[in-house]
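Whatever order the structure lists them in is the order used to number ligands and atoms, beginning at 1.
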Amino acid sequence: MEQVSGEVGAFKATIRKKARYVNQDLCTGCGSCAEKCPTMVVDAYNAGMGKRKAIYKYFPQGIPSVFTIDAPECRQLGQGKKCGVCAKVCQAKAIDFDQKDAIIEIEAGAIILATGYDVFDPSVIPEYGYTTINNVVTALEFERLLSASGPTAGHLDRPSDLLMEKDLEEGEKEVKKLARQVKSLEDKHGKTSADVVAAVKSGSAAVDDELIQWAQAAEKLAALEERVATLQKKTAAVQTAKKLAFIQCVGSRDFRFNRFCSSYCCMHSVKEAMIANEHDNAVNSSIFCMDLRAVGRGFEEYKLRGGKQANIKYVRGRVAEITEDEANNPIVWYESTTTQKVEHETFDMVVLATACVPTEGTAKVAELFGVELESNGFFKTHPLAPLNTTRPGIFTCGCAQGPMDIPESVAQASSAAARAAEVVAPLATVEKQKAVG
Ligand SMILES: Cc1cc2nc3c(=O)[nH]c(=O)nc-3n(C[C@H](O)[C@H](O)[C@H](O)COP(=O)(O)OP(=O)(O)OC[C@H]3O[C@@H](n4cnc5c(N)ncnc54)[C@H](O)[C@@H]3O)c2cc1C
Ligand code: SF4
Ligand code: SF4
């Protein structure tokens, strides 16, 4: 949205539709372009834990189900290189490198702001180790790990183990390269690397620069082979995560950050712990909370079912710190309100239930639409008309006006549509009457 003018019943909006460099009327969503595209890009949808191509669909269920070129990452559009592989393989002739942003003007009687929320960045709580302990993840990252279409195809691989596997892959590649280099020197000189290393170490006068470099490469190869062998042993012993900790209210109900309750995170932690246990019955979870807010029809029963059927333990205690042992296992330190003692427990992985915060662009959107924000930064609404913003004809729903779960957001969206129809329907009737004469 670039500009909004007018008033209730007669708004005018100017919208920029960004170029996708794919003609959406021709694209069939077949995916051949992404299969052949040579450019790998970090996948933001998978919370940075996987890769996608430069031509991509943001997420599998997106509508319309068509592809888009990520222009800055594309070799041809963003880097001025020759490529065009996608255009060559696209049988529908849908790729359009010359496509431009389109400016669309809309006349509208009413507007609904439904810009949702962002998740709180837990790196501002250093004691939880989000940026320093690999096996501490956010709930959103955990959802991607649990998802069959996610970076681990639904397996609970620990981030530290994924990094170790990557390290091993790179190490093995480097070993192959160095081994080739050393072998070609051995063939050329008809000597073994061990003899050359010994000669260089003894300070023999017959040693030249080439032999010194050869000895260095041979020693580097030996050290790397040892490291790769250790990594191979370690990765062979790797298991998926079995013991999980969920930390509630990360950035919520905390006077340093957000005083409010984010309302949905208690239930999504129970859900995630239940799904993890459905994937693998050996998984057990501890949910650390001040109180578990199961507010909603059937929610308390769901929580109890998690305890009985999915190995979930509910621990009353605010977590103070997370540390890490030598095997990359996070250790959770907390004061148990049951024993009134400082306790600690080691887990395979920790999941942070981060707060629901206003989207980064909320203030800008508020300025553009001339509406006010409330003290937490969400769109301000009227207590007796909870979908009304401070400007007549502009409504809001879902997490744009405060934290809420999907059923509540959907119910609010229906209500907001009805409220907008109340504004627009009489205008449409007048137009119809005018047309009839
Ligand atoms: C880890 C996690 C798990 C959850 N699990 C559950 C669950 O199991 N069940 C449940 O009920 N709830 C769950 N929730 C809560 C759920 O995500 C929210 O209730 C829901 O997404 C709110 O919907 P919304 O449409 O208001 O906002 P959003 O889903 O945030 O949608 C807003 C949309 O607006 C777009 N947007 C933002 N700004 C602009 C702009 N300026 N211009 C154009 N577009 C813009 C965004 O890209 C986004 O697509 C979970 C939340 C988290 C963090
Ligand atoms: S752009 Fe072409 S190749 Fe790519 S998904 Fe669409 S139709 Fe298929
Ligand atoms: S829903 Fe639960 S975890 Fe989320 S802020 Fe409220 S009490 Fe904390």
Side-chain angles (χ1 to χ4, degrees), residues 1 15-16 18 20-37 47 53 55-59 62 64-69 85-96 112-120 137-144 146 246-254 258-272 274-275 287-296 299 318 351-362 364-366 368-369 378 396-410 412-413 416:
M1 189 70 71
I15 298 164
R16 175 179 296 272
K18 288 193 181 158
R20 62 163 76 232
Y21 306 102
V22 173
N23 183 330
Q24 71 181 58
D25 297 329
L26 297 179
C27 177
T28 60
C30 69
S32 303
C33 48
E35 219 172 273
K36 298 283 185 237
C37 170
K53 296 295 181 70
I55 184 160
Y56 72 115
K57 263 203 253 183
Y58 186 57
F59 62 98
S65 182
V66 296
F67 279 65
T68 298
I69 299 181
V85 169
C86 51
K88 279 181 208 130
V89 298
C90 177
Q91 291 186 358
K93 305 270 173 262
I95 307 292
D96 178 1
I112 300 168
L113 302 176
T115 46
Y117 68 104
D118 279 347
V119 281
F120 173 80
V137 299
T138 64
L140 206 60
E141 288 164 346
F142 189 72
E143 294 247 341
R144 296 315 303 146
L146 273 184
F246 291 81
I247 315 293
Q248 299 310 113
C249 302
V250 177
S252 310
R253 301 173 71 194
D254 184 331
N258 303 292
R259 288 166 175 240
F260 56 81
C261 165
S262 294
S263 83
Y264 55 59
C265 11
C266 277
M267 292 318 290
H268 76 48
S269 288
V270 178
K271 173 199 75 175
E272 287 171 5
M274 287 193 54
I275 295 174
I287 300 185
F288 291 87
C289 53
M290 290 186 274
D291 45 28
L292 200 110
R293 297 193 158 172
V295 186
F299 286 13
R318 181 97 164 157
V351 183
L352 305 177
T354 48
C356 167
V357 293
T359 55
E360 210 187 321
T362 306
K364 214 170 139 196
V365 173
L368 188 66
F369 287 87
F378 295 101
T396 183
C397 61
C399 290
Q401 64 136 288
M404 66 188 71
D405 66 6
I406 297 170
E408 210 179 333
S409 303
V410 171
Q412 279 211 344

*Asks:* Any nitrogen or oxygen of Val365, side chain or backbone, less than 3.5 Å from one on ligand 1?
*Replies:* no

*Asks:* So, does Ala353 sit close enough to ligand 3 that a heavy atom of it is under 4.0 Å from the ligand?
*Replies:* no

*Asks:* Identify, for atom 50 (C) of ligand 1, the protein heavy atom at the shortest distance, and state residue, atom and that distance.
*Replies:*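 Among all protein heavy atoms, the one nearest atom 50 (C) of ligand 1 is His268 CD2, 3.8 Å.
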
*Asks:* Check each heavy atom of Phe142 against ligand 1 and say whether those closer than 4.0 Å belong to the side chain, the backbone, both or neither.
*Replies:* neither

*Asks:* Numbering the atoms of ligand 2 from 1, which are under 4.0 Å from a heavy atom of Cys33?
*Replies:* 1 (S), 3 (S), 4 (Fe), 5 (S)

*Asks:* Sub-3.5 Å donor-acceptor pair from the side chain of Asp118 to the main-chain atoms of Glu360, do we have one?
*Replies:*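 Looks like yes, one N/O pair under 3.5 Å.
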
*Asks:* Applying a 4.0 Å heavy-atom criterion (strictly less than), which segment of Ser263 is in contact with ligand 3: side chain, backbone, both, or neither?
*Replies:*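 Backbone only.
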
*Asks:* Below 4.0 Å, non-hydrogen atoms only: which portion of Ile95 touches ligand 2? Side chain, backbone, both or neither.
*Replies:* side chain

*Asks:* Which atoms of ligand 1 are found less than 4.0 Å from any heavy atom of Ala139?
*Replies:*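 Those of ligand 1 that fall under 4.0 Å from Ala139 are 1 (C).
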
*Asks:* Which heavy atom of the protein is the closest neighbour of atom 5 (S) of ligand 2, given with residue, atom name and distance?
*Replies:*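 For atom 5 (S) of ligand 2, the nearest protein heavy atom comes out as Gly31 N, 3.2 Å.
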
*Asks:* Going by the atom numbers of ligand 1, which of them fall below 4.0 Å from some non-hydrogen atom of Met404?
*Replies:*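 That gives atoms 18 (C), 19 (O) of ligand 1.
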
*Asks:* Which ligand 2 atoms does Thr28 reach within 4.0 Å, using its non-hydrogen atoms?
*Replies:* 6 (Fe), 7 (S)

*Asks:* Which bit of Met267 gets closer than 4.0 Å to ligand 3, counting heavy atoms only: side chain, backbone, both or neither?
*Replies:* neither

*Asks:* Only heavy atoms of Cys90, strictly under 4.0 Å: list the atoms of ligand 2 that pass.
*Replies:* 1 (S), 2 (Fe), 3 (S), 7 (S)

*Asks:* Specify the protein heavy atom at minimum distance from atom 4 (Fe) of ligand 3: its residue, its atom name, and the distance to 0.1 Å.
*Replies:* Cys265 SG, 2.3 Å

*Asks:* Show which atoms of ligand 2 fall inside a sub-4.0 Å distance from at least one heavy-atom site of Gly29.
*Replies:*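 Answer, ordered by atom number: 5 (S), 6 (Fe).
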
*Asks:* Any N/O/S of Cys266 under 2.8 Å from atom 4 (Fe) of ligand 3?
*Replies:*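 Checking atom 4 (Fe) of ligand 3 against Cys266, no N, O or S atom falls under 2.8 Å.
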
*Asks:* Looking at non-hydrogen atoms alone, which of Tyr117, Phe59, Tyr58 comes nearest to atom 29 (O) of ligand 1?
*Replies:*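 Considering heavy atoms of Tyr117, Phe59, Tyr58, the nearest to atom 29 (O) of ligand 1 sits in Tyr117.
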
*Asks:* Measuring only between side-chain heavy atoms, which start at C-beta, is Met1 closer than 4.5 Å to Leu368?
*Replies:*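 Yes, at least one pair of side-chain atoms sits under 4.5 Å.
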
*Asks:* Looking only at distances, please establish whether an N/O atom of ligand 1 is found under 3.5 Å from an N/O atom of Cys399.
*Replies:*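 Min N/O separation from ligand 1 is below 3.5 Å for Cys399.
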
*Asks:* Mind checking whether Pro407 has a heavy atom under 4.0 Å from ligand 1?
*Replies:*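 Yes; Pro407 lies near enough to ligand 1 that a heavy-atom distance drops under 4.0 Å.
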
*Asks:* Can you tell me if Thr396 uses its side chain to pair, donor with acceptor, with the backbone of Leu113 under 3.5 Å?
*Replies:* yes

*Asks:* Taking Lys53 for the side chain and Lys36 for the main chain, is one N or O donor matched with an acceptor at less than 3.5 Å?
*Replies:*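 No, because the side chain of Lys53 does not come within donor-acceptor range (under 3.5 Å) of the backbone of Lys36.
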
*Asks:* Answer yes or no for Cys27: is there an N/O/S atom below the 2.8 Å cut-off from atom 8 (Fe) of ligand 2?
*Replies:* no

*Asks:* Mark up the atoms of ligand 2 that fall under 4.0 Å of a heavy atom belonging to Phe67, in ascending order.
*Replies:* 5 (S)

*Asks:* Which residue owns the protein heavy atom closest to atom 8 (Fe) of ligand 3, what's the atom, and how far is it?
*Replies:*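 Among all protein heavy atoms, the one nearest atom 8 (Fe) of ligand 3 is Cys249 SG, 2.2 Å.
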
*Asks:* Any nitrogen or oxygen of Lys271, side chain or backbone, less than 3.5 Å from one on ligand 1?
*Replies:* yes

*Asks:* Before signing off on this row, confirm whether Ile406 and ligand 1 have an N or O atom pair separated by under 3.5 Å.
*Replies:* yes

